[in-house]
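Please read through the structure below; I'll follow up with questions.
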Number of protein chains: 2
Amino acid sequence: MAPRVNSAAIRRLNVIRVFHALRENPNASQAELGRLTGLDKATTSAVVTQLLDDGLVERTEGPRARRIGRPETALVIAPSAGLLVGARLEPRTIRIVTTTLAGTVLEHVQIPGSTDIGTAADLLHQGIDRAVAASGEGLTVRGVGVGIPALMDREGRLVLAPNLGWRDTPIRARLEAALGAPVYIDNDTKAAAMAERLFGVCRDVEDFVYLTGHSGVGGGLFLGGRLYRGAQGFAGEVGHVTVVPDGRPCGCGKRGCLETYVSESAILAQAAERGRDLPDLAAVTAAARDGDPVVTALLDEVGERLGVALSHMVNLMNPALAVLGGNLSVAADVFLPALNRALERHALEPLRRDLRLVVSPLGPDAVPMGGIALAMEGFLSAPMPVEELLRR
Amino acid sequence: MAPRVNSAAIRRLNVIRVFHALRENPNASQAELGRLTGLDKATTSAVVTQLLDDGLVERTEGPRARRIGRPETALVIAPSAGLLVGARLEPRTIRIVTTTLAGTVLEHVQIPGSTDIGTAADLLHQGIDRAVAASGEGLTVRGVGVGIPALMDREGRLVLAPNLGWRDTPIRARLEAALGAPVYIDNDTKAAAMAERLFGVCRDVEDFVYLTGHSGVGGGLFLGGRLYRGAQGFAGEVGHVTVVPDGRPCGCGKRGCLETYVSESAILAQAAERGRDLPDLAAVTAAARDGDPVVTALLDEVGERLGVALSHMVNLMNPALAVLGGNLSVAADVFLPALNRALERHALEPLRRDLRLVVSPLGPDAVPMGGIALAMEGFLSAPMPVEELLRR
DNA sequence: TGCATTTCGTTAGACGGTCTATCAAAAAGA
DNA sequence: TCTTTTTGATAGACCGTCTAACGAAATGCA
């Protein structure tokens, strides 16, 4: 049954609007928030009063514009209002970030992971406790968001991670019970796309695709102003788009998947097959920059494969922007020419013409900050998912 | 600036909910509408009263359930409330349908088209006038929706139709001026997808992809409960997804596009190359059913190509359902086995497992009925696009 | 210094929603 | 005929936003 839409829903929506406007514009005044959100100043006043009463917002002695008229009182999202926790959970390392509700980073923690999903979850739990303790006294955790390189369903169950051997684990429920705070879990790349939208390079972009390489290759779709998850929650599996018919075998059981050519391990394996034993992607990129023809040709192929898959996305989804993140950003400048050639060959001209291609500025924190974004969205929308309200 | 959310927006939303509930359940009572929409019966009463006052809804002597308690009064969307017009505009033929606001078909008109876009628009205008006149006396046209096989931007400008030589025509503005009624224009396949959602086989499906073949091959994406148009309005161009590297040349300037293999003209051309001169797709399908090995092999290839493209869509968007419409439905049963084999080879198993594959039940009226869907959406949402209200 | 001007933020009141509670109307069943 | 049951309408509570007016606190200028 569709949720009821009543006055309370309106208020909840307007609170969220004001909150995000203030998050993106710290030290804004009430009048400015009204202009930013399009709300009447009386409404803004009511909303801000509520946020002040709830302790989510504080008045500060921010810098005052020396203007005519009554001076504004600057507002910020209260640092004391609580913590958000974001994490990236991988077999090798677990990376945890804590922030204020505004998204200001407080602590970084990085610990070794585990190839066993149960052990990894326990380690994550311990790491979060440590990070929270280091973030300050008496701060309550308002939400925990985790990105995992796996197929995650809409209820936060880990369904399958072909490369890791993980499957069928109700990890959200498990962590929520252990942590005693709301937990939001999603695929790592979807989380990173959320981070790109809230904190990164896509702040004003309604339609973009995010491509990333870690152990595999992932895709996050931000369509029509919101993260798109698909019917089961599995949307964006660009790593398993076929780019070479009957190509290299993939951990998923198919052949010729994109990630058998452009993931870090795949690139290293292909380099080794061609007589270049290199330790990591940075070394591969360096070799190409030094003019090694074999490695250069290999990265050209990587760009070409990636370009084919991106062309499919462009033709199908017509994004305004494509973001390269994760390990893809390491070698991006080397393979970008080949990628662009592939786009020219495979993407429709009117759709390609206005496409912007950028490298993610978030670096290794993209996924943990995506966890922050998930937790922030969850905290603000609770108890009702506001985005759903006005769909027919 | 984001639109304001106030009481009026809530009412508009609830009116739309009640309207659609009544459209899908003619002769429903007020109490039933309340149950269907989740609204309180007091609210339902207020909304229905407004709809009755506006003349959009009527009380009828519908069939009464012989039950205990006060008998219900049946409601229907008033046939006298106005007309919707839907059309498919193509160079060869123009097909026009008129319906009540509920979507009940009143008139069909089919007239020859024109390869000149200006002439075609004039013919459409005349045809609409004729269809409206035939639909009854004194009915005002509430909206006109048109599907065109071309790239249409979000403002209803025709940008490009590679196969037809049409480009850069402000056809929406032109028709609106000529007709004096609100006009909504979109790509024909997007319109058909809307029809599938409102009147066809996807009534309760939030995430589906629609594939169709006419002169070219088109795709419509219904994602997260709404039609997805992309940044410029060009999303869904599955016909120009590359399925064969360096394959057959396409009217778009690229090579190996899906539609160079599976559009009707492409299939006929390939059959001719292999020594089978056949007049249309029905003849091709008949030959395959009669056991012609050349034609059977050709349709197997068609299924394979289509399956590759659909696999990309499944991996990227994880739809719950894929609908085959237009000419694709003519030969569907013949190439479906090959299509399924391709899905098995190219789509991730967890995403493919729950995918349903169905043939469109709407037939040649899919696009005109899509025009009806566009017009209905436009009429109900006017003056503010309600779906946008609660996006942050 | 004194006063007009400008901008900020609050508040009262109008207005319009939904929701709860109540009630009359109209049928079936006993 | 009376009870039961369901429908649909309505009063009043409650909660939103919006308009309009007002006090507060600065600048600009005589």
Side-chain angles (χ1 to χ4, degrees), chain A residues 1-18 22 25 27-53 57-75 384 386 389-390, chain B residues 1-18 22 25 27-53 57-75 384 386 389-390:
Chain A
M1 181 72 66
R4 291 188 175 185
V5 180
N6 50 24
S7 330
I10 298 188
R11 169 53 64 93
R12 194 159 43 243
L13 170 68
N14 285 334
V15 166
I16 291 175
R17 282 186 172 178
V18 169
L22 185 54
N25 303 82
N27 291 311
S29 67
Q30 227 179 81
E32 204 171 334
L33 290 175
R35 286 189 292 266
L36 286 165
T37 56
L39 296 176
D40 189 89
K41 64 178 180 172
T43 307
T44 312
S45 175
V47 170
V48 168
T49 302
Q50 179 182 323
L51 285 168
L52 287 167
D53 290 348
V57 162
E58 283 177 1
R59 291 188 234 266
T60 60
E61 293 301 325
R64 300 187 165 185
R66 313 195 85 259
R67 263 186 296 93
I68 204 173
R70 171 174 164 175
E72 64 221 14
T73 53
L75 301 169
M384 190 193 285
V386 178
L389 285 180
L390 274 199
Chain B
M1 181 71 66
R4 291 189 174 185
V5 180
N6 50 22
S7 328
I10 299 189
R11 168 54 64 94
R12 194 158 45 240
L13 170 68
N14 285 333
V15 166
I16 292 174
R17 281 186 174 177
V18 169
L22 184 54
N25 304 82
N27 290 312
S29 68
Q30 227 178 80
E32 204 171 334
L33 290 175
R35 285 188 293 267
L36 287 165
T37 56
L39 296 175
D40 190 89
K41 66 178 180 173
T43 307
T44 312
S45 175
V47 170
V48 167
T49 302
Q50 179 183 324
L51 286 167
L52 287 167
D53 290 349
V57 162
E58 282 177 2
R59 291 188 233 266
T60 60
E61 293 299 326
R64 299 188 167 182
R66 313 195 82 258
R67 264 187 293 96
I68 203 173
R70 171 174 166 175
E72 66 221 14
T73 52
L75 301 169
M384 189 192 288
V386 179
L389 284 181
L390 274 198

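In the text below, chain A, chain B and the rest are named by the order of the sequence lines, each starting its count at 1. Predicted, not measured: the structure shown is a model, and the values here were computed from it.
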Practice task
Grab the CG-P distance between Asp40(B) and dC14(D) for me, whole Å please.
Solution key: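 In whole Å, dC14(D) P lies 16 Å from Asp40(B) CG.
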Problem - d(CD1, Ile68(B); P, dA28(C)) in whole Å - result: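 For the pair Ile68(B) CD1 and dA28(C) P, the rounded distance is 9 Å.
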Practice task
Verify the distance criterion only: is there a donor paired with an acceptor across the side chains of Asn27(B) and Thr60(B) at less than 3.5 Å?
Solution key: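 There is such a pair (donor and acceptor under 3.5 Å, judged by atom type) between the side chains of Asn27(B) and Thr60(B).
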Exercise for the section: Please report, rounded to the nearest Å, how far the C1' atom of dT17(D) is from the CG atom of Leu13(A). Expected result: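 One finds 12 Å between C1' of dT17(D) and CG of Leu13(A), rounded.
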Handout entry: No-H, no-angle donor-acceptor pair, Arg70(A) side chain to dT7(C) base, under 3.5 Å
Key =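 In this structure, the two groups form no donor-acceptor pair.
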Practice task
May I ask you to verify if any side-chain N or O of Gln30(B) is less than 4.0 angstrom from the OP1 or OP2 atom of dA9(D)?
Solution key: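 Affirmative; the distance criterion is met.
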Exercise for the section: Just call it for Ala42(B): base, sugar-phosphate, or nothing, with non-hydrogen atoms closer than 4.0 Å on any strand. Expected result: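 Here Ala42(B) touches the bases of the nucleic acid.
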Exercise for the section: Round to a whole Å and report the spacing from CD1 of Ile16(A) to P of dG16(D). Expected result: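 One finds 14 Å between P of dG16(D) and CD1 of Ile16(A), rounded.
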Problem - Closest-nucleotide ordering on DNA chain D, the 5'-leading residue of Ser29(B) and Asn14(A) - result: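 Its nearest nucleotide being more 5', the pick is Ser29(B).
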Handout entry: Residue-phosphate contact under 4.0 Å: Arg35(B) side-chain N/O, dT7(D) OP1/OP2
Key =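 The answer is yes; a side-chain N or O of Arg35(B) sits under 4.0 Å from OP1 or OP2.
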Exercise for the section: Look at the side-chain N and O atoms of Ser45(A) and state whether any lies under 4.0 Å from the OP1 or OP2 oxygen of dG9(C). Expected result: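 The answer is no; no side-chain N or O of Ser45(A) sits under 4.0 Å from OP1 or OP2.
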Exercise for the section: Provide, to the nearest angstrom, the distance between the CG atom belonging to Leu33(B) and the P atom belonging to dT7(D). Expected result: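 Atom CG in Leu33(B) sits about 12 Å away from atom P in dT7(D).
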Handout entry: 5′-ward residue of the pair Ser7(A)/Val48(A) relative to DNA chain C
Key =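 Result of the comparison: Val48(A).
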Handout entry: Side-chain (Asn6(A)) to main-chain (Ala9(A)) donor-acceptor, under 3.5 angstrom
Key =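 Indeed, once roles are kept as given, a pair shorter than 3.5 Å links the two residues.
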Problem - Backbone of Ser45(A) reached by a side-chain donor or acceptor of Thr49(A) within 3.5 Å - result: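 Yes, the answer is positive, given that a donor and an acceptor are paired below the 3.5 Å cut-off.
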Practice task
To the nearest Å, give me how far apart CD (Gln50(B)) and P (dG8(D)) are.
Solution key: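 Gln50(B) atom CD is separated from dG8(D) atom P by 18 Å.
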Exercise for the section: Look at Arg11(A) and dC15(D) and indicate whether a side-chain polar atom (N or O) is within less than 4.0 Å of OP1 or OP2. Expected result: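 The answer is no; no side-chain N or O of Arg11(A) sits under 4.0 Å from OP1 or OP2.
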Exercise for the section: Kindly compute the distance separating CZ (Arg11(A)) from OG1 (Thr43(A)), expressed to the nearest 0.5 Å. Expected result: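 These two atoms lie 8.0 Å from each other.
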Exercise for the section: Would you kindly give the CG-to-C1' distance between Asp53(B) and dA9(D), to the nearest whole Å? Expected result: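 Rounded to the whole Å, the gap is 14 Å.
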Handout entry: Closest to the Asn6(A) side chain, choosing from dT4(D), dT18(C), dT7(C)
Key =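 Among the listed nucleotides, the one closest to the side chain of Asn6(A) is dT18(C).
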Exercise for the section: Starting at atom CZ of Arg59(B), determine the distance to atom C1' of dA9(D), rounded to an integer number of angstrom. Expected result: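 Distance, rounded to whole Å: 11 Å.
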Handout entry: First encountered from the 5' end of DNA chain C, between Ala31(A) and Gly69(A)
Key =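 First, find each residue's nearest nucleotide; the 5'-ward one identifies Gly69(A).
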Handout entry: Test side chain to side chain contact (heavy atoms under 4.5 Å, CB included) applied to Leu75(B) and Asn25(B), Leu33(B), Val18(B), the passing residue
Key =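 Between Leu75(B) and the candidates, side chain to side chain contact (heavy atoms under 4.5 Å, CB included) is satisfied uniquely by Leu33(B).
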Exercise for the section: Check whether any side-chain nitrogen or oxygen of Thr43(A) sits under 4.0 Å from OP1 or OP2 of dG16(D), and answer yes or no. Expected result: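 False: Thr43(A) side-chain N/O out of range (4.0 Å or more) of dG16(D) OP1/OP2.
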Practice task
Report the nucleotide, chosen from dT7(D), dT6(C), dC19(C), that has the shortest atom-to-atom distance to any side-chain atom of Lys41(B).
Solution key: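 The answer is dT7(D), which lies nearest to the side chain.
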